[in-house]
S.K.: 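Sending over a structure as structure tokens; questions will come in a sec.
These numbers were taken from a predicted model, which means no experiment stands behind them.
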Amino acid sequence: MDLIQSSGPIPFEVFMAEALYGARGFFAGDRLRSERAGDFLTSPEVSSLFGETLGEFVRREHARIGDPFEIVEVAGGSGSLLRPLLEVAPFPTRAVEASPPAREQLGRIIGDERVCASLDDLEPLRGVILANELIDNLPMVMAQLTDAGWRERWVGLDGEALTFVDASCRPEVMAWLDAYAGAVEPGGWVEVQLAAANWLRQALDLLTAGSVLLVDYGDVAENLVPRRRDGTLRTYRAHHLGPHPLDEPGATDITADVNFTALLAIAEEAGADVELWRQDDFLTDLGLRARLSELRGEELDLARSGDEMKRLRVRTVKTEVETLLHPRGLGDFRVLVARKG
């Protein structure tokens, strides 16, 4: 708000970056956000078998490109993905994390010297760069289609309250909208994901051989069109949808659905071979549905044997796996694989 008072309205991506990653931003405090006692849960917190299953993907990539080989996890949060992954794929590992408390937590797992705050701190590498629910948090431009064409929505002041204000579209924003917005009706809102494109380009530039693996909610452009009337921008706090993104900056997570059509195009332009999966299909290919069948059989055997405590433990794990694969929940997330080498 101080910046707006002194300089006037600012682009939404500047506001979002400050609200999430600034000195008083959502991820800048002393709390871990992605845990049961935090503000949201991702697949690794739901079940350790998520990380363990991604370990199979890492092993396959190692078999494909050989040594030297390392893992880089970006936005690893509490380490709930990295711990089980490294148990089955114990390769040299680094982590990139913007949140200070999360960097501290990850340092306990792989060593402080192997944790940094930005991709800028990395040297070229061979291996896997993976990011679960990162892209939806990267700062975005807000645009709305009016009868006169596309307009940006910047953040300004109405008295003491933050509000969206009209602004002309910058050339790079128009180029992205023309390429990836889809058939939006007048009045529709689109989150222009330029920072996501830049992040993916940088990650692929770092890879001399290997793959970038992205897991997030969203879809291809044409399937996002029905969601454009009000847009997909939203907030989370304490595991529930929060207030309007402008109402309590720094106190809520700000997120939006990822446009995977744009990311696929960026990866292809960078010379990568790309695949786009649903999470349930991707994890099934890596063996998780077969593991679920084993758990169901184990639960049945334990019910027959009368070992109720062990049966309940197995049932809990089974339920967690079912959550990862649920077709109208986490199973409907998208997984982008971009391979080089």
Side-chain angles (χ1 to χ4, degrees), residues 1-22 25-26 134-201 216-236 241-266 269:
M1 187 175 290
D2 293 341
L3 178 61
I4 298 172
Q5 287 173 333
S6 62
S7 304
I10 59 176
F12 184 79
E13 75 270 22
V14 176
F15 166 82
M16 184 171 173
E18 188 66 20
L20 292 181
Y21 306 108
F26 183 71
L134 162 72
I135 300 300
D136 66 273
N137 275 140
L138 295 181
M140 303 170 191
V141 177
M142 288 304 299
Q144 188 175 27
L145 184 60
T146 71
D147 291 335
W150 286 105
R151 304 290 294 178
E152 285 190 44
R153 298 300 182 225
W154 288 25
V155 180
L157 284 172
D158 181 7
E160 295 296 316
L162 294 171
T163 187
F164 282 123
V165 299
D166 179 71
S168 299
C169 275
R170 291 162 283 175
E172 64 271 25
V173 174
M174 277 302 311
W176 192 98
L177 288 164
D178 288 342
Y180 309 122
V184 180
E185 295 291 330
W189 293 76
V190 173
E191 304 84 20
V192 178
Q193 296 168 348
L194 298 177
N198 292 336
W199 184 92
L200 182 55
R201 289 189 189 97
D216 226 313
Y217 42 84
D219 212 325
V220 295
E222 63 182 300
N223 292 340
L224 291 174
V225 168
R227 310 176 200 177
R228 293 307 185 195
R229 187 182 71 175
D230 299 314
T232 69
L233 191 72
R234 55 200 183 271
T235 69
Y236 281 95
L241 284 170
H244 188 279
L246 301 185
D247 284 353
E248 299 180 37
T252 64
D253 183 25
I254 304 175
T255 182
D257 289 1
V258 174
N259 186 318
F260 279 96
T261 295
L263 295 182
L264 288 166
I266 295 302
E269 289 168 9

S.K.: Rounded to the nearest 0.5 Å, what separation is found between the CZ atom of Phe15 and the CG atom of Leu3?
M.R.: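 Output value for this atom pair is 11.5 Å.
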
S.K.: Does Tyr236 reach the side chain of Leu241, with side-chain heavy atoms less than 4.5 Å apart?
M.R.: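 Yes. Closest side-chain heavy atoms under 4.5 Å.
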
S.K.: So which heavy atom on Ala221 is nearest to which on Thr261, and how close?
M.R.: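 It is N-OG1, 2.8 Å.
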
S.K.: Check the angle between the aromatic planes of Phe164 and Trp189 and answer parallel, tilted or perpendicular using the 30° and 60° thresholds.
M.R.: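 Ring orientation, 0 to 90° scale: tilted.
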
S.K.: Report yes if some heavy atom in the side chain of Ile254 is under 4.5 Å from a heavy atom in the side chain of Thr235; otherwise report no.
M.R.: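 Yes, close enough: below the 4.5 Å cut-off.
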
S.K.: Would you indicate whether the side-chain heavy atoms of Val190 and Arg228 approach each other to under 4.5 Å?
M.R.: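 Side-chain contact under 4.5 Å: yes.
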
S.K.: Drop me the distance from Asn137's CG to Tyr21's OH, to the nearest 0.5 angstrom.
M.R.: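 OH of Tyr21 is found 4.5 Å from CG of Asn137.
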
S.K.: Roughly how far, to the nearest 0.5 Å, is the CZ atom of Arg201 from the CD atom of Glu269?
M.R.: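 It comes to 6.5 Å.
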
S.K.: Which pair of non-hydrogen atoms, one from Pro11 and one from Arg170, has the smallest distance, and what is that distance?
M.R.: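 It is CB-NH2, 3.7 Å.
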
S.K.: Do the side chain of Thr232 and the main chain of Asp257 share a donor and acceptor less than 3.5 angstrom apart?
M.R.: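 Looks like yes, one N/O pair under 3.5 Å.
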
S.K.: Tell me if a side-chain donor or acceptor on Asp216 pairs with a main-chain N or O of Asp136 at a distance below 3.5 Å.
M.R.: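 Such a contact is found between Asp216 side chain and Asp136 backbone.
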
S.K.: Got Val141 and Glu172 here, is their nearest side-chain heavy-atom distance under 4.5 Å?
M.R.: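 A side-chain contact is absent here, since even the closest heavy-atom pair is not under 4.5 Å.
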
S.K.: Do you know the tightest heavy-atom contact between Thr163 and Leu157?
M.R.: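 Answer, listing the atom of Thr163 first, then Leu157: CG2-C, 4.0 Å.
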
S.K.: About how many Å separate CG of Asp158 and CD of Glu160, when rounded to the nearest 0.5 Å?
M.R.: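 Rounded to the nearest 0.5 Å, the CD-CG separation comes out at 10.0 Å.
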
S.K.: Any carboxylate oxygen within less than 4.0 angstrom of a Lys/Arg side-chain nitrogen, looking at Glu191 and Arg153?
M.R.: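 Answer for the salt bridge query: no.
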
S.K.: Any side-chain heavy atom of Leu194 within less than 4.5 Å of one from Glu13?
M.R.: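 Not in contact.
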
S.K.: Can you say whether the rings of Trp176 and Tyr180 are parallel (under 30°), tilted (30 to 60°) or perpendicular (over 60°)?
M.R.: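 Perpendicular: the ring planes of Trp176 and Tyr180 meet at over 60°.
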
S.K.: For a 4.5 angstrom cut-off between non-hydrogen side-chain atoms, does Thr252 reach Pro243?
M.R.: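 A side-chain contact exists here, since the closest heavy-atom pair is under 4.5 Å.
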
S.K.: Specify the closest pair of heavy atoms between Leu162 and Pro249, including all atoms of both residues, with the distance to one decimal.
M.R.: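 For Leu162 and Pro249, the tightest heavy-atom pair comes out as CD1-CG, 3.9 Å.
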
S.K.: If I take atom OG from residue Ser168 and atom CD from residue Glu152, how far apart are they, to the nearest 0.5 angstrom?
M.R.: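 Result: 8.5 Å between the selected atoms.
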
S.K.: Measuring from atom CG of Asn259 to atom CG of Asn223, what distance do you get when rounded to the nearest 0.5 angstrom?
M.R.: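 CG of Asn223 is found 10.5 Å from CG of Asn259.
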
S.K.: Start with the C-alpha distance between Ile10 and Glu18, add both sets of side-chain angles, then the distance that settles side chain to side chain contact (heavy atoms under 4.5 Å, CB included), and finish with yes or no.
M.R.: CA-CA 11 Å; Ile10 59 176; Glu18 188 66 20; over 6 Å; no

S.K.: Is there side-chain contact between Thr255 and Arg234, with at least one heavy-atom pair below 4.5 Å?
M.R.: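 Of all side-chain heavy-atom pairs linking Arg234 with Thr255, at least one is under 4.5 Å.
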
S.K.: Between Trp199 and Ile135, which heavy-atom pair has the shortest distance, and what is it?
M.R.: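 Here Trp199 and Ile135 meet closest at CE3-CD1, 4.0 Å.
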
S.K.: Looking only at heavy atoms, what is the nearest atom pair of Leu138 and Ala195, with distance?
M.R.: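 Distance-wise, the nearest heavy atoms are CD1-O, 4.0 Å.
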
S.K.: Counting distance only, does the side-chain N/O of Gln144 pair as donor-acceptor with the main-chain N or O of Gly187 below 3.5 Å?
M.R.: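 Looks like yes, one N/O pair under 3.5 Å.
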
S.K.: Could you tell me whether the side chain of Ser7 and the main chain of Ile4 form a donor-acceptor pair under 3.5 Å?
M.R.: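 Checked: no pair found.
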
